[in-house]
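Worksheet: the structure to be examined is printed underneath.
None of these values were measured; they are calculated from a predicted model.
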Amino acid sequence: MTTSNLTDQQHQRWQVLVEQIRDYDYQYYVLNESTIPDAEYDRLMQELKALEAEHPEWVTADSPTQRVAGQVQGGFETVQHEVPMLSLDNAFNETDLAAFYKRIQDRLNHHGEIELACEPKLDGIAISLLYENGQLVRGATRGDGTTGENITANVRTLRSVPLRLRGEDWPAVLEVRGEIYMPRDGFEKMNERALAEGSKVFVNPRNAASGSLRQLDPQLTAQRPLEMCAYSVGRVEGGPELETHSAMLDALHHWGLKINPESRVVTGLADAEAYYDQLLNKRDQLDYDIDGIVFKVNRLALQQRLGFVSRAPRWAIARKFPAQEEMTVLIDVDFQVGRTGAVTPVARLEPVFVGGVTVSNATLHNMDEIERLGVRKGDTVIIRRAGDVIPQVARVVLERRPEGAEPIQLPMGCPVCGAHIERTEGEVVARCTGGLSCKAQRREALKHFVSRRAMDIDGLGEKLIDALLEQELVQAPSDIYGLGAEQLTNLERMGEKSADNLVNAIAVSKETTLARFLYALGIREVGVTTASNLAQHFGSLPALQSATEEQLLEVEDVGPKVAAHVRHFFAEDRNADEIKRLLDSGIEWPAPVVDTDNQPLKGETWVVTGKLEQLSRDEAKDHLMQLGAKVAGSVSAKTHKVVAGPGAGSKLKKATELGIPVIDEAAFLAELRNHGRWQ
Ligand code: IVH
């Protein structure tokens, strides 16, 4: 073969590689589809780099190897936006949105329904990408809307930003507008790493995105998990005639840009509100922060007729979600004692409306967290409440610290029983050493024992437990089984009927499962999943009680820490005594019905995540276990299959990354049906 033949072949290979990698980037970063394993991708990229090292003359600006350039010298240049980058008016409630809708109906003199394009309002950084003849020539920040900064080198490092457009029918000049943001899991991982390295931790994904984009060294931006999502256009010259905003988004998608998969077109105000409600409910399940919904008149001709007022279009509005962060004053700190004696500092706050509810308490987790926040009594703090997650103190507003703000100290003695508070070396959690002689620990242990996923004693709520403790009718869980209707009727607000019902519920709870019983015992770090894994593995209580550490470690999800807690628990005489009392009172469970002939999933490890409709996650796990599968709480290379319902987050992502098969509920039920476990 002649040299030139070889070079031709190499050049062809170069072309194939460039195309392939571009396609993989598009599939992975724009379409969110994982097509090839990471290792294969890396090999292709290495091969391309090697070819380009040999033939630097082939390297083009849009080759996938050219995403990261050298340092920007002397800061960013400014960029003039020929079409200004506008902002949006806000609607803070339904009335504001209805007023917007009426305004456009009036202006258009159209009193029928109007089509609205609906999109999540991404909480990131507005960006303009300029494509000339399909090539990315400039990336710029919004700045003040007229003048932004040229951050081309940084924007090029984002794989969801095509360096050249796909297809052919794109406009000769196309300015894409959109948002660059950092997905939450990437943000958390980045912060974890920053914490470990002792470098700067960002307060939220938005700041992290902004900080990452403003790096003078694109190498640094390239390492940050940023994504770009397109939501409109600026300058456009040529290209297809489009009639609607939604058609324009589709076109952008077709040209290789990522658009938000939640985007929809609705007709009329009622459907717009329904879309808002639906996304508000979904907000916490999304992998990125959104702070509202943007509604845009869908027909471009109507947009044009409506025009602009000062800096915002008349044809669009941002219907804001309730803020997830608000400022308030930390008045005091109380210390609460939990089931395992953990002493948790709780912030008492000046009530504040955040995330849709009024918050007057927030957990401070532990003393390390107090130190990390640097918070003192009297400080003004930012409270964050995202979805149903308990409110958190996000940070302190130091500028507002009053004189004499008092540092927060861990008390020496338990605030409930006075026993010594201990903080073991290397542990963040401080614990009351009072054990079950501490009323708080007793109370929490009882609450846990009767709870739904444990012994499930219907009607034995928190107030009743407090009353029973107060009257000294109950000390330990086993005392519950000695309660008679007479004793109960003596309690305040307890009629005969309720007392009978409760006695009945207590009796019914005696028929249980080994897994529930183990969970009810409240062994440290033994949650529902671990309890069922232990039950399934050992099959009987005596087998578990006498298990060695090695035997315990064979159980799915059990590591050295859990094994040690289990061993400790059973080694303590008072626990053994209490278990005996419970069993003597008649608690029993059927011998495990492991149908050894029908264990088609034996040896497999499954993970169930997200929300299921037809059955609860616990039921799903139970079926799997009956079929012989192990059910794990997290996804690893050892996982065989993942069942994912709506709202599945990091576990689903990990499974996709690892190439582990993921099935939805319907496929799961079909599988159960195949194995005779579902009708
Ligand atoms: S449209 C003329 N759509 O919200 C219309 N903006 O105050 C201009 N934003 O800084 C924007 N998600 O970065 C639009 N789906 C979306 C958006 C969105 C987030 C941001 C945008 C801008 C701000 C508007």
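When side chains are defined from C-beta on, Phe202 counts as touching Asn191, because their heavy atoms get closer than 4.5 Å. In this structure, Ser451 and Ile457 have side chains that are not in contact, with every pair of non-hydrogen atoms separated by 4.5 Å or more. Under the 4.5 Å side-chain criterion, counting only non-hydrogen atoms from C-beta, Glu604 is not in contact with Thr639. By the 4.5 Å heavy-atom criterion applied to side chains, Arg673 and Leu669 are counted as neighbours. Using a 4.5 Å heavy-atom threshold, the side chains of Glu549 and Val566 count as separate. Residues Pro205 and Tyr181 have side chains not in contact (no heavy-atom distance under 4.5 Å, counting atoms from C-beta outward). Looking at heavy atoms from C-beta onward, Leu129 lies in side-chain contact with Leu257 at the 4.5 angstrom threshold. Looking only at side-chain heavy atoms (C-beta outward), Asp271 and Tyr275 stay at 4.5 Å or farther from each other.
One distance of note links CG of Asn154 with CD of Gln219; it measures 11.0 Å at 0.5 Å rounding. Put simply, CZ on Arg617 and NZ on Lys611 are 9.5 Å apart, with the number rounded to the nearest 0.5 Å. How far OG of Ser532 is from NZ of Lys621: 7.0 Å, rounded to the nearest 0.5 Å. Rounding to the nearest 0.5 angstrom, the gap separating the CZ atom in Arg319 from the SG atom in Cys118 is 12.5 Å. The CZ atom of Arg67 lies 13.0 Å from the OG1 atom of Thr221; values are rounded to the nearest 0.5 Å. Rounding to the nearest 0.5 Å gives a distance of 6.0 Å between NE2 of His365 and CD1 of Ile390.
Not one N or O on the side chain of His253 forms a donor-acceptor pair closer than 3.5 Å with the backbone of Leu249. Ser636 places a side-chain N or O within 3.5 Å of a backbone atom of Lys638 that can act as its donor or acceptor partner. In this structure, the side chain of Glu665 engages the main chain of Glu613 through a donor-acceptor pair within 3.5 Å. No donor-acceptor pair closer than 3.5 Å links the side chain of Tyr231 to the backbone N or O of Leu122. Without hydrogens or angle criteria, Glu227 side chain to Ser160 main chain gives no donor-acceptor distance under 3.5 Å. Within the 3.5 Å criterion, the main-chain N or O of Asp291 finds no donor-acceptor partner in the side chain of Arg283. Judged purely by atom type and a 3.5 angstrom limit, Arg156 uses its side chain to pair as donor or acceptor with the backbone of Gln66. In terms of modelled atom types and a separation under 3.5 Å, the side chain of Glu369 and the main chain of Asn366 share no donor-acceptor contact. Although no hydrogens or angles enter the test, the distance criterion places no donor-acceptor pair under 3.5 Å between the side chain of Glu262 and the main chain of Leu279. Using a distance-only test at 3.5 Å, with no hydrogens or angles considered, a donor-acceptor pair links the side chain of Ser263 to the main chain of Asn260.
Phe517 meets the ring pair (Phe, Tyr, Trp, His ring centres under 6.0 Å) test with Trp589; sequence neighbours excluded.
Salt-bridge check for Glu619 with Arg453: failed, with every basic side-chain N at 4.0 Å or more from each acidic carboxylate O. The residues Arg22 and Glu19 are annotated as salt-bridged, a charged nitrogen and a carboxylate oxygen being separated by less than 4.0 angstrom. Between Glu325 and Arg395 there is a salt bridge, with a side-chain nitrogen of the basic residue lying less than 4.0 Å from a carboxylate oxygen of the acidic one. A salt bridge links Arg166 with Asp23: the closest approach of a Lys/Arg side-chain nitrogen to an acidic carboxylate oxygen falls below 4.0 angstrom. A salt bridge links Glu444 with Lys447: the distance from a Lys NZ or Arg NE/NH1/NH2 to an Asp or Glu carboxylate oxygen falls below 4.0 Å. Lys653 has a carboxylate O that lies under 4.0 Å from a charged side-chain N of Asp185, or vice versa, which qualifies the two as a salt bridge.
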Could you go step by step and tell me if His537 and Gln551 meet the side chain to side chain donor-acceptor pair (under 3.5 Å) rule? CA-CA 10 Å; His537 188 94; Gln551 286 169 333; over 6 Å; no

List the steps and the verdict of side chain to side chain contact (heavy atoms under 4.5 Å, CB included) for Asn575 and Leu521. CA-CA 9 Å; Asn575 291 336; Leu521 291 176; over 6 Å; no

Full working for side chain to side chain contact (heavy atoms under 4.5 Å, CB included) between Leu518 and Thr513: CA-CA 9 Å; Leu518 289 177; Thr513 63; over 6 Å; no

Does Glu556 form a side chain to side chain contact (heavy atoms under 4.5 Å, CB included) with Thr605? I'd like the steps, not just the answer. CA-CA 9 Å; Glu556 186 66 36; Thr605 303; 3.6 Å; yes

Between Thr530 and Val562, is a side chain to side chain contact (heavy atoms under 4.5 Å, CB included) present by the stated rule, with each step listed? CA-CA 9 Å; Thr530 310; Val562 175; 4.0 Å; yes

Could you walk me through whether Glu119 and His245 pass side chain to side chain donor-acceptor pair (under 3.5 Å), step by step? CA-CA 11 Å; Glu119 296 156 15; His245 174 79; 2.5 Å; yes

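Taking both residues in full, the closest heavy atoms of Leu652 and Thr656 are given as O-OG1, 2.6 Å, listed atom of the first, atom of the second, then distance. Residues Ala209 and Met182 share a closest heavy-atom pair of CB-N, 4.1 Å. When every heavy atom of Ser509 is checked against every heavy atom of Met455, the shortest pair comes out as CB-O, 3.3 Å. Shortest non-hydrogen contact noted between Ala362 and Ile383 is CB-CD1, 4.4 Å. Between Ser63 and Leu48, the closest heavy-atom pair is OG-CD2, 4.1 Å. In this structure, Arg224 and Ser212 approach most closely via the heavy-atom pair NH1-OG, 2.8 Å.
Geometrically, Arg184 does not engage Tyr288 in a cation-pi contact defined by less than 6.0 Å to the ring centre and at most 45° from the axis.
Residues Tyr276 and Phe321 place their aromatic rings such that the two centres sit under 6.0 Å apart.
The salt bridge (charged side-chain N to carboxylate O under 4.0 Å, His left out) analysis of residues 510-529, with sequence neighbours excluded, yields the pairs Glu427-Arg524, Glu525-Lys561.
Using bins of under 30°, 30° to 60° and over 60° for the plane-to-plane angle, the ring pair Phe668/Trp606 lands in the tilted bin.
In the displayed structure, Asp458 atom CG is contacted under 6.0 Å by at most 12 heavy atoms of other residues, nucleotides or ligands.
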